Amino acid sequence: MKIEVLRIGTRLVRDDRVTTHVTLVSRAFGASKIYMYDANPDIKETISKVNKMWGSDFKVEIIENWKDVVRLKKKESFKIVHLTMYGENINAVQDDIRKEEKILIIVGAEKVPREAYDMSDYNVAIGNQPHSEISALAILLDRILQGQYLEKKYSDGEREIVPTKKGKNVITKTTNSVD
Ligand code: SAM
């Protein structure tokens with residue numbers, strides 16, 4: 001399944017740390033690209049360093065108009081999945097979402113415009129209590145991909161972690177080292 005993420009909504013204070021975490025969760029849990037606006041452009045450099053060190057070609061695109069992205073993705077046959085505490089419970093819709101070939105996941109910041117609800121094919125709640133876009137996104141991706149992505153390995157990174165019971169074992173491709 002092809003998965004992309006769109007972050008929308010206005011904040012009184014820009015929160016670069018949450019933006020970075022939403023982006024890292026998207027990359028680590030199986031999406032291939034994130035679109036965002038009103039973001040610090042340094043995020044592109046940050047993710048490019050992560051890709052170089054740990055592999056993958058996850059993409060970040062800074063956009064002007066989120067509705068244009070939704071319209072374009074609909075033309076490309078993506079289904080739109082909007083994460084909101086007011087939506088249908090994930091337990092009820094996860095089987096249907098898993099059958100889709102391409103999805104664009106919309107996550108909000110503070111205030112999400114009404115159009116996001118109307119333009120979406122699925123308005124999905126990770127429970128009907130308020131929490132955060134980082135946790136909602138992580139749980140949705142894990143439910144859709146059913147944990148498969150957690151075993152993903154990349155051959156194009158400078159480093160690779162060898163899971164160990166204690167300590168850190170990191171292969172730097174030519175030598176084994178502990179740092
Ligand atoms: N009142 C907002 C709402 O509609 O979900 C909560 C805002 S929360 C700070 C920011 C974003 O986190 C939301 O736009 C939504 O994408 C996500 N989120 C928070 N709680 C959620 C939940 N229970 N289910 C799904 N998404 C949630």
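The analysis underlying the following values was restricted to heavy atoms, covering all of them including side chains, and did not include hydrogens, waters or symmetry mates. Counting convention: from 1, in listed order, for ligands and their atoms alike. Worth saying up front: this structure is predicted, and the values here are computed from it rather than measured.
- A heavy-atom distance below 4.5 Å is not found between the side chains of Tyr37 and Asn65.
- Listed by number with element, the atoms of ligand 1 under 4.0 Å from a non-hydrogen atom of Gly127 are 22 (C), 23 (N), 24 (N).
- Nearest to atom 9 (C) of ligand 1 by heavy-atom distance, out of Ala109, Ser135, Ser132, is Ala109.
- Heavy-atom contacts of Leu83 reach the following atoms of ligand 1: 15 (C), 16 (O), 25 (C), 26 (N) (cutoff under 4.0 Å).
- Heavy-atom proximity to Ala125, at under 4.0 Å, picks out these atoms of ligand 1: 24 (N), 25 (C).
- Remark: the backbone N or O of Asp16 is not paired with any side-chain donor or acceptor of Asn40 at under 3.5 angstrom.
- Contact atoms of ligand 1 toward Val107: 16 (O) (distance under 4.0 Å to a heavy atom of the residue).
- Under a 4.0 Å N-O distance rule, the pair Lys99/Asp95 does not qualify as a salt bridge.
- In this structure, Tyr122 has its ring center at least 6.0 angstrom away from the ring center of His82.
- Assignment of Val124 to the shell around ligand 1 is supported, since a heavy atom sits closer than 4.0 Å.
- Of all protein heavy atoms, the one lying nearest to atom 24 (N) of ligand 1 is Ile126 N, 2.9 Å.
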Checklist line | Worked check of salt bridge (charged side-chain N to carboxylate O under 4.0 Å, His left out) between Lys2 and Glu4 | finding: CA-CA 7 Å; Lys2 186 169 177 63; Glu4 297 184 348; 3.7 Å; yes
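- Atoms of ligand 1 lying under 4.0 Å from at least one heavy atom of Tyr117, given by number and element, are 4 (O).
- In this model, no donor atom of one side chain and acceptor atom of the other lie less than 3.5 Å apart for Thr84 and Asn123.
- A salt bridge does not link Asp42 with Lys44: every distance from a Lys NZ or Arg NE/NH1/NH2 to an Asp or Glu carboxylate oxygen is 4.0 Å or more.
- Atom 11 (C) of ligand 1 has its closest protein heavy atom at Gly108 O, 3.3 Å.
- Which parts of ligand 1 touch Val112 is read off a 4.0 Å heavy-atom cut-off, strictly below it: atoms 14 (O).
- For the residue pair Lys73 / Tyr35, a side-chain donor-acceptor distance below 3.5 Å is found, with atom types taken as modelled.
- Each of the following atoms of ligand 1 lies closer than 4.0 Å to a heavy atom of Gln129: 20 (N), 22 (C), 23 (N).
- Residue Met85 places at least one N or O, backbone or side chain, under 3.5 Å from an N or O of ligand 1.
- Here the heavy atom of the protein found nearest to atom 12 (O) of ligand 1 is Glu133 N, 3.1 Å.
- Close contacts of ligand 1 with Ala136, meaning ligand atoms under 4.0 Å from a residue heavy atom, involve 25 (C), 26 (N), 27 (C).
- Rounding to the nearest 0.5 Å gives a distance of 15.5 Å between OH of Tyr117 and CD1 of Ile80.
- His131 NE2, 3.4 Å is the protein heavy atom nearest to atom 22 (C) of ligand 1.
- Looking at Glu160 and Tyr154, their side chains never bring a donor and an acceptor atom within 3.5 Å of each other.
- Every heavy atom of Gly9 sits 4.0 Å or more from the atoms of ligand 1.
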